[in-house]
Amino acid sequence: MATAVLRLWPDALLDIGPPTEEGFYYDFELKHRFTPDDFPKIEEEMRKITKENQVFEKSIQTRAEALAYFESKGQTFKVQRMGDIPEGEPISFFKNGEFVDLCAGPHVMRTGNVKPGGIKILKVASAYFRGNEKNPQLQRLYGTAFKNKEELDNWLLMQEEARKRDHRKIGTEMGLFAMDPEYVGPGLPLWLPKGTVLVEELERLAKETEFQAGYVRVKTPHLAKEKMYKTSGHLPYYAESMFPPMEMLEEDERKKRDALMERRADLIQLAEGMGKAIAPNPSGYTEEQVRHDIQKLETEITLLGGRYYLKAMNCPHHHRIFAAEPRSYRDLPLRLAEYGTCYRYEQSGELFGVMRVRSMNMNDAHIYCTAEQFAEEFRAVNEMYLKYFKIFGLDRYQMRFSTHDPARLGQKFVNEPELWKKTEDMVRQVLIESGINYVEVANEAAFYGPKIDVQVWSAIGREFTIATNQVDFAVPARFGLTYRDRDNTEKTPLCIHRAPLGTHERFIGFLIEHYAGNFPLWLAPEQVRVLTLNDEAPLVEYAKSITAELRAQFVRVEGDWSANPVKAKIANAETSKVHTMLVVGQRDLEAGVVSVRLHGKGNVGAKPRGEAIADLLTSIRERRA
RNA sequence: GCCGGUGUAGCUCAGUGGUAGAGCAACGGUUUCGUAAACCGUAGGUCGUCGGUUCAAUCCCGACCACCGGCUCCA
């Protein structure tokens with residue numbers, strides 16, 4: 001592709017072009033802006049190149065030769081990329097026809113190995129050079145190539161099928177949720193009645209599971225004073241992702257606070273100057289005194305209060321619940337659970353259907369425990385994850401173990417090298433013992449401790465972090481949380497943050513794509529619909545009595561005894577993805593049976609009414625797939 | 001937030017410098033029928049918002065908002 005682009009636009013600057021899961025891309029810097037109208041032209045040129053059947057020739061050059069080559073071509077990005085190759089490593093080049101590029105290895109031996117019909121340019125987008133938003137943006141051309149046209153067409157067809165599973169599309173079609181950016185706001189989904197069913201079924205699952213695992217439930221407000229997030233350490237590091245605070249102060253109080261803050265800023269500057277001890281300090285005002293006064297001002301400012309933040313996480317509230325009563329080692333582990341609603345001001349371009357939103361319901365819980373209890377608790381949490389994955393038939397997942405980076409202690413990560421090592425060892429131990437498939441990634445931990453993120457892939461191939469399990473050895477101490485131990489001393493507990501079902505928003509978005517909207521019976525918004533062959537009174541009576549019986553058993557059932565032809569009624573029920581249809585006609589009425597039809601599977605035959613109902617109830621109770 | 005694209009009825013989409021259509025859904029009738037769509041009719045829109053060009057703008061231009069594809073970031 002790069003060869004073709006260079007032929008068409010010789011002034012294009014090249015960055016790099018690696019393969020991806022669906023093909024490949026190449027980044028270019030070019031005055032001309034690519035549009036889809038250019039795609040056929042580029043494809044045409046690529047086809048010519050495949051016909052030329054150029055051989056990919058490898059050559060090794062010295063660093064100086066390579067640099068000189070790219071500099072002579074004015075390829076500044078390539079020159080920068082050269083810096084990424086470690087000193088002493090051979091610099092390999094590949095040449096095909098007139099095109100020469102830095103490359104670790106060719107993906108095919110000759111351009112002719114790709115048949116002209118198998119090539120397609122997919123889309124153009126932009127990307128930051130080296131993925132850093134401070135760097136210039138390049139134009140990224142995505143393309144794909146298959147051995148021949150048939151394989152390409154097959155792949156395109158699959159892409160088309162995948163698009164049909166998009167949770168935004170199905171969510172609208174099925175009436176699960178709605179977005180109202182004009183009145184409610186972007187990223188603030190409204191759960192419609194059918195989507196709320198999913199929300200509540202998941203909550204019920206979580207509540208049952210957590211109850212059995214010894215959790216207790218709590219409820220906390222959606223906002224808190226500024227002091228909360230200063231203490232937790234989320235401010236100012238997290239402020240970017242939080243909704244701006246609500247200012248509660250009256251005009252004069254605000255002036256007072258601003259004055260105090262100004263004074264504080266001055267003192268901080270003074271203290272810094274003193275630290276460097278540039279000038280003599282005739283006033284006799286010592287650095288220690290200044291620090292003390294800053295502290296006093298801090299307290300005064302926070303006591304004025306006046307600022308409330310919508311919570312972006314539940315942990316601080318739970319910490320205050322821990323602090324609300326004196327705790328003994330006998331109370332531990334204390335597992336506080338809540339489906340807490342959090343608000344995060346995600347950047348506008350990051351919003352994505354219901355998968356990435358600004359208001360979210362988290363399947364949250366915080367486990368306060370001793371260091372001795374930690375491994376057992378952590379293992380129990382992991383097991384809960386696996387239990388959920390089994391229920392949802394989720395087999396493509398990966399645990400991502402995120403650890404700290406010792407070089408960034410005190411900046412990105414709290415400066416507790418020993419605790420980091422200790423907790424990371426504990427987590428690693430649990431992972432190895434449980435035989436869980438995981439990868440370890442450095443420098444990705446939370447500021448307060450290592451974490452495990454669970455990556456899942458939806459049927460469409462979208463990858464998401466759906467759940468998280470984090471260790472926190474820092475924030476409980478910042479809140480001064482303690483329990484009285486056996487030896488009558490106060491100790492600080494460890495805290496495990498966990499959210500196996502993530503947020504309703506992302507989890508449901510994921511489930512929609514996972515099931516393509518065809519939910520298992522226990523989750524289905526409309527579980528059963530009773531359909532009559534016609535609208536004659538005795539038949540309608542029969543259908544109504546079945547409906548009433550199911551409804552009394554809390555089955556989500558609707559009835560359709562309209563005068564429409566049964567074919568039409570079935571078509572309606574099928575398009576609404578009703579899980580089970582009970583079709584009744586004169587025959588069924590006389591025999592006391594119902595004809596069972598399953599969504600997507602068709603008619604499965606008649607069953608005695610009582611048996612059909614019992615089967616439904618069992619499947620729901622057992623949450624069968 | 002950045003780059004590019006898009007914005008017409010509840011949904012999917014046509015369309016034009018002289019103030020708008022189709023299918024499905026909705027509503028009213030007719031149809032009484034055994035496993036994916038019976039027929040007739042009715043209603044529905046400040047053509048994302050604001051401004052500009054023009055005799056005239058849904059169409060051309062600009063700004064903003066929102067959404068989509070990426071990047072960055074994340075549950």
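A, B, ... follow the sequence lines: proteins, then strands. Residue 1 opens every chain. Side-chain atoms are counted along with the backbone in the values below, which use heavy atoms only and exclude waters and symmetry mates.
His497(A) and His366(A) share a donor-acceptor pair across their side chains, judged by distance under 3.5 Å alone.
Taking atom P in both G4(B) and A63(B), the straight-line distance is 12 Å, to the nearest Å. Taking atom P on both C13(B) and U8(B), the two are 10 Å apart, rounded to the nearest angstrom. Between the C1' atoms of U12(B) and C68(B), the separation comes to 16 Å (whole Å). Using atom C1' as the reference point in both G7(B) and G15(B), the two lie 15 Å apart (nearest Å). Between the C1' atoms of U6(B) and A75(B), the separation comes to 29 Å (whole Å). With both ends at atom C1', the span from G45(B) to C73(B) equals 39 Å, rounded to whole Å. Nucleotides G44(B) and A20(B) place their C1' atoms 13 Å apart, quoted to the nearest Å. Only the C1' atoms considered, G52(B) is 31 Å distant from G69(B), to the nearest whole Å.
Glu440(A) is linked by a side-chain hydrogen bond (donor to acceptor under 3.5 Å, both in side chains) to Arg428(A), counting only residues two or more places apart in sequence or in another chain. Evaluation of the side-chain hydrogen bond (donor to acceptor under 3.5 Å, both in side chains) rule for Lys164(A) yields Glu161(A) as partners, not counting sequence neighbours. Not counting sequence neighbours, the partners of Ser126(A) by the side-chain hydrogen bond (donor to acceptor under 3.5 Å, both in side chains) test are Gln137(A). Qualifying side-chain hydrogen bond (donor to acceptor under 3.5 Å, both in side chains) partners for Arg33(A), counting only residues two or more places apart in sequence or in other chains: none. Applying the salt bridge (charged side-chain N to carboxylate O under 4.0 Å, His left out) rule to Glu463(A) yields no partners; only residues at least two apart in sequence or on another chain are considered. Taking Lys123(A) as the reference, Glu22(A) meet the salt bridge (charged side-chain N to carboxylate O under 4.0 Å, His left out) condition, with sequence neighbours excluded.
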* To do: Take nucleotides 70-75 of chain B nucleotide by nucleotide from the 5' end and write B, S or -, depending on whether a protein heavy atom sits under 4.0 Å from the base, only from the sugar-phosphate, or from neither.
  => BBBBBB
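Here C3(B) presents its P atom at 15 Å from CG of Asn135(A), a figure rounded to the nearest Å. When rounded to the nearest whole Å, the span between CG of Leu141(A) and C1' of G5(B) equals 15 Å. Taking atom CZ on Phe34(A) and atom C1' on G5(B), their separation rounds to 16 Å, with Å as the unit. When the P atom of G4(B) is taken as reference, atom CG of Leu122(A) falls 21 Å away, rounded to whole Å. We find that CG of Asn534(A) is positioned 16 Å from P of A38(B), with the value rounded to whole Å. Following rounding to the nearest Å, Phe39(A) (CZ) and G69(B) (P) show an atom-to-atom distance of 15 Å. Summarising the geometry, the separation between CG on Leu192(A) and C1' on G10(B) is reported as 12 Å, rounded to the nearest angstrom.
Scanning residues 168-187 of chain A for heavy-atom distances under 4.0 Å to RNA chain B yields Arg168(A), Pro181(A), Pro186(A). Within a heavy-atom distance below 4.0 Å of RNA chain B, no residue of residues 508-518 of chain A is found.
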* **Check against side chain to side chain contact (heavy atoms under 4.5 Å, CB included), Asn314(A) and Met362(A)** => CA-CA 8 Å; Asn314(A) 300 302; Met362(A) 290 185 77; 4.0 Å; yes
* To do: Report the C-alpha distance between Phe352(A) and His167(A) in whole Å, list the side-chain angles of each, state the deciding distance to 0.1 Å, and finish with yes or no for ring pair (Phe, Tyr, Trp, His ring centres under 6.0 Å).
  => CA-CA 10 Å; Phe352(A) 177 66; His167(A) 78 279; 5.6 Å; yes
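The closest side-chain heavy-atom distance from Leu198(A) to Leu176(A) is below 4.5 Å. In this structure, the side chains of Asn469(A) and Tyr385(A) come closer than 4.5 Å at one or more pairs of heavy atoms.
Taking the six-membered ring for Trp and the full ring otherwise, Tyr309(A) and His234(A) have centroids separated by 6.0 Å or more.
The two residues Leu521(A) and Arg556(A) come nearest to each other via the heavy atoms O-NH2, 4.2 Å.
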* Pairing pattern in dot-bracket form [Watson-Crick, G-U; both distances under 3.5 Å; | = partner strand] for RNA chain B -> (((((((..((((....[..)))).(((((.......))))).....(((((..]....))))))))))))....
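Surrounding NZ of Lys120(A) are at most 12 heavy atoms belonging to other residues, nucleotides or ligands under 6.0 Å away.
A cation-pi geometry, defined here as NZ or CZ lying under 6.0 Å from the six-membered ring centre and within 45° of its normal, holds between Arg358(A) and Tyr345(A).
No donor-acceptor distance shorter than 3.5 angstrom exists from the side chain of Gln470(A) to the backbone of Ile452(A), with no hydrogens or angles considered.
For residues 171-195 of chain A, the pairs satisfying salt bridge (Lys or Arg N to Asp or Glu O under 4.0 Å) are Lys169(A)-Glu173(A), with sequence neighbours left out.
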Restricting to nitrogen or oxygen on both sides, can you table the protein-nucleotides 34-36 of chain B pairs closer than 3.5 Å?
residue : atom : partner   : partner atom : Å
G34(B)  : O6   : Gln586(A) : N            : 3.4
G34(B)  : O6   : Arg587(A) : N            : 2.8
G34(B)  : N1   : Asp588(A) : OD2          : 2.8
G34(B)  : N2   : Asp588(A) : OD2          : 2.9
G34(B)  : N2   : Ser595(A) : OG           : 2.9
U35(B)  : O3'  : Arg597(A) : NH1          : 3.4
U35(B)  : O2'  : Arg597(A) : NH1          : 2.8
U35(B)  : O2   : Arg597(A) : NH1          : 3.3
U35(B)  : O4   : Ser595(A) : OG           : 3.0
A36(B)  : N7   : Arg597(A) : NH2          : 3.2
A36(B)  : N6   : Glu574(A) : OE1          : 3.0

